[in-house]
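The figures that follow rest on heavy atoms only: side chains count, while hydrogens, waters and symmetry mates do not.
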Amino acid sequence: MAENHSEVKSSIRAHPISESESDDEASTPGGVTSTSDMKTAASHVGRAPTTSTKRPATDAAALPGGKDARPACEYGAACYRKNLQHRREFSHPPGGAGVDVAERPTAKRARRDSPPPSRCPVAPPRDVEAVVAAAQPYGFLLSRVAGVSDDGGAPSLHISEILAAGGDVVASAQFSYAIDVPWLVRQYPNAARRRPLLVVHGEQREARAALHESAADHPHVSFVQARLDIPYGTHHTKLMLLRYRDDAMRVVVHTANLVEADWHQKTQGVWMSPLFPRLPEGAAAGPTGGDSATRFKRDLLEYLGGYRSPGLREWIATIEQHDMSAARVHIVASLPGRHLAAKRESFGHMKLRRLLRERVPRPPEGAGAGVVVAQFSSIGSLGATRGSWLGGEWLTSVAATRGDAAPAPSPALKLVFPCVEDVRTSLEGYAAGGALPYSVKTAAKQPWMHNLFHRWRADGRGRTRASPHVKTYARAAAADCGALSWFVVTSANLSKAAWGALEKNNAQLAIRSYELGVLFVPEDFGESELRVLPPGGASAADGFPVPYDLPPTRYAREDRPWMWDVPHDEKPDARGVKWCPSPL
């Protein structure tokens, strides 16, 4: 459904932390009633509560000197509560921050012993087109991180630089989970800040109204609300569609929410397509006209068509009219629903399974099974045993190779997820843990996971202290992980909701959430393997810029995975702050 034409927060009484992708629990704890409340609480994690008293809303314009008589929200610009009554009762400065969440809410929040630090600026501007060129042939980049000057050769851009690259943007579409409209508009070059901007979101009820209200001063912004018909599903896709004055267009698939915090001191992944020209006059358009060998155009159109929204028709028509034959990656998307027959292999982990069976050669005899590395920022409920889902249908998919009907040994599985010490010593400190939703309740159901965990270490990219919000999945041919058989960057965390779960004797794949990623296969770049970019490499021409160190570092005996509802008051973080979650 399309519509024409958020930042908010609450008093201490009602701060659930977040939303979850657990699929095996039917009720929401803590009296949480909406997705908006879940997002709100996540952005409150790690901030110092103060006693607040409700007062009647006051019209600031009626006061002498135009001052606002309302009490200031205790969370200031970081407030993301989407309750309109809260906005009426408390004043908020412009701007805002937020986090991405993929866990259902727990009835928890956290306190800090000091106010949040002020933002330090991202590094000075550079030649953006030179950075884009350095990312070729893969087009994979990392986000710039304030406080990190050496990316170890990995190309990196801020969102404002992405929007400035390629030419003069005349129209754009932004798909995301959390969105700060005023902040987003400010990231565009001045000349593009009043040009058509379509925002695709999953907000409902009060949160939807708050999002629309946040665009009141931006009449060029319109909205499409993604359908969420399955409980606990989210609109989690991060996608940009950019059209330029010369009629070229670009597709950007990434992992960051459209809020300041996600582009500040977190590690994010970005794939930028080549500039796609408009098809010549008279050339066949549609899904197949100007498509690539990877069927990028057809699969992108299939994904967008899955929204079933009239508000996306114009962008679908625009894509149909462009030549995308230069794309060398494969779309790996998830659409909510129960997918049957041929559609069962069109989305989620079954789409990845099909692509790997079509495109990735089987390892030579005697070469070993290799390693699958899964790196993510949130964990759902995966079952009581390793074989329930992760080591069963999901591992079967990521271990697939061409002609794998014959039995083959399964690759080793390594899960990269920050431990407590990784979070404590990060640039953001414990506050980074607000974007790493894994709860005690969920962890207690799957103790078998502990032996699979590996630390977030990114010394080679200068990002060990830049907490990960990127999600990547890869297979290495050998234990040293010096070369990859394939690589995926995606919005999908490690959950059934994101990747799907087979049902009815494997006849259908059930998916709850919208997700989008791209798959890199060596053959599509004229290579036999993706060599990993060594630290200090000059550009992607020297190797593929994996965001973290390979091989991964296994948890030490004393390491524990980060769980955001566990207090840490024994050791302050890098900012001198303690983490003290407490029940509501």
Could you report the tightest heavy-atom contact between V132 and A165, atom names first, then the distance? CG2-CB, 4.2 Å
Would you please name every residue forming a side chain to side chain contact (heavy atoms under 4.5 Å, CB included) with A135, sequence neighbours left out? L141, P155
Only one of R144, H469, K238 clears side chain to side chain contact (heavy atoms under 4.5 Å, CB included) with Q268; which? H469
Non-hydrogen side-chain atoms of V489 and F140 separated by less than 4.5 Å: yes
Find the distance between CZ (F175) and CG (L304) and round it off to the nearest 0.5 Å. 5.0 Å
Mind checking what makes side chain to side chain donor-acceptor pair (under 3.5 Å) contact with D217, not counting sequence neighbours? none
Exercise: identify the closest heavy-atom pair between V185 and R193: O-CG, 3.4 Å
E129 CD: over 12 foreign heavy atoms closer than 6.0 Å: yes
Measuring only between side-chain heavy atoms, which start at C-beta, is V270 closer than 4.5 Å to V252? yes
Would you say the ring centers of H236 and Y514 fall short of 6.0 Å from each other? no
Looking only at heavy atoms, which two atoms of A154 and P545 are closest? And how far apart? CB-CB, 3.9 Å
Is there a side-chain contact (heavy atoms from CB on, under 4.5 Å) between R208 and H201 once you walk through the steps? CA-CA 9 Å; R208 175 177 169 274; H201 65 93; 4.2 Å; yes
For residues W579 and W562, determine if any side-chain heavy atom of one lies less than 4.5 Å from a side-chain heavy atom of the other. yes
Compare all side-chain heavy atoms of R463 with those of V145 and state whether any distance is below 4.5 angstrom. yes
Would V488 and V518 satisfy side-chain contact (heavy atoms from CB on, under 4.5 Å), going step by step from the backbone distance to the final call? CA-CA 6 Å; V488 171; V518 293; over 6 Å; no
Going by side chain to side chain contact (heavy atoms under 4.5 Å, CB included), name the residues that satisfy it together with E320, two or more places apart in sequence or in a different chain. P287, L301, I316
Under a 4.5 Å cut-off applied to non-hydrogen side-chain atoms, are V200 and L312 in contact? yes
Mind listing the closest non-hydrogen atom pair of P547 and R461 along with its distance? O-CG, 3.4 Å
Rounded to the nearest 0.5 Å, what's the gap from CZ on F487 to OH on Y138? Could you check? 11.5 Å
Spatial distance of atom CD (E161) from atom CD (Q187) [nearest 0.5 Å]: 10.5 Å
Please enumerate all residues that pass salt bridge (Lys or Arg N to Asp or Glu O under 4.0 Å) together with D247, with sequence neighbours excluded. R243, R278
If I compare all heavy atoms of G500 with all of I511, which pair ends up nearest, and what's the gap? CA-CG1, 3.6 Å
Y548 and T472: side chain donor to acceptor below 3.5 Å: yes
Quick one: does any side-chain atom of D565 pair with a main-chain N or O of S439 as donor and acceptor, under 3.5 Å? no
Verify whether the ring centers belonging to F276 and Y244 lie closer than 6.0 Å. no
Value rounded to 0.5 Å, distance of CH2 in W263 from OG in S143: 6.5 Å
Test salt bridge (charged side-chain N to carboxylate O under 4.0 Å, His left out), reference E428, set K266, R575, R465, output is K266
Side chain to side chain donor-acceptor pair (under 3.5 Å) filter on H254, not counting sequence neighbours, yields none
Exactly one candidate in R250, M240, M249 meets side chain to side chain contact (heavy atoms under 4.5 Å, CB included) with S273; the answer is R250
In sequence, state the C-alpha distance, the side-chain angles, and the governing distance for L436 and V423, and then conclude on side-chain contact (heavy atoms from CB on, under 4.5 Å). CA-CA 9 Å; L436 299 167; V423 175; 3.6 Å; yes
Using side chain to side chain contact (heavy atoms under 4.5 Å, CB included) as the criterion, list what pairs up with P468, not counting sequence neighbours. Q375, P418, W456, V470
Do any N or O atoms from the side chain of H264 and from the backbone of A146 form a donor-acceptor pair under 3.5 angstrom? no
CD on Q265 to CG on L427, rounded to 0.5 Å: 4.5 Å
Sub-3.5 Å donor-acceptor pair from the side chain of T442 to the main-chain atoms of Y438, do we have one? no
Quick one: does R186's side chain have a donor or acceptor within less than 3.5 Å of a partner on S160's backbone? no
Just so I know, are the side chains of V251 and L241 near enough to count as touching, which here means a heavy-atom distance under 4.5 Å? yes
Using side chain to side chain donor-acceptor pair (under 3.5 Å) as the criterion, list what pairs up with T267, not counting sequence neighbours. none
Quick check against the 3.5 Å criterion: does D262 have a side-chain atom that pairs as donor or acceptor with the backbone of A256? no
Side-chain heavy-atom pair L335, H339 within 4.5 angstrom cut-off: yes
Distance from L163 atom CG to S172 atom OG, nearest 0.5 Å? 7.0 Å
Quick one: are I179 and V259 in side-chain contact, heavy atoms under 4.5 Å? no
All side chain to side chain donor-acceptor pair (under 3.5 Å) counterparts of S156, not counting sequence neighbours: D151
Residues two or more places apart in sequence or in another chain: which of them pass side chain to side chain contact (heavy atoms under 4.5 Å, CB included) with L516? T237, L239, V253, Y303, I331, A333
Do you know the tightest heavy-atom contact between S426 and A432? OG-CB, 3.6 Å
Is the distance from the ring center of H212 to that of F223 below 6.0 Å? yes
In terms of side-chain heavy atoms, does E515 have a donor or acceptor partner in S491 at a distance below 3.5 Å? yes
Ignoring hydrogens and angles, tell me if any N or O in the side chain of R313 forms a donor-acceptor pair with the backbone of S309 under 3.5 Å. no
Which residues share a salt bridge (Lys or Arg N to Asp or Glu O under 4.0 Å) with R245, sequence neighbours left out: D168
Check the side chains of S214 and D180 for a donor-acceptor pair under 3.5 angstrom, ignoring hydrogens and angles. no
Is it true that W499 and Y473 have ring centroids separated by less than 6.0 Å? yes
Step by step, work out the side-chain contact (heavy atoms from CB on, under 4.5 Å) result for L157 and V128. CA-CA 8 Å; L157 290 175; V128 173; 4.1 Å; yes
The salt bridge (Lys or Arg N to Asp or Glu O under 4.0 Å) partners of D229 (sequence neighbours excluded) come to R227, R308
Output all residues satisfying salt bridge (Lys or Arg N to Asp or Glu O under 4.0 Å) with K351, sequence neighbours left out; order by chain, then residue number. D299
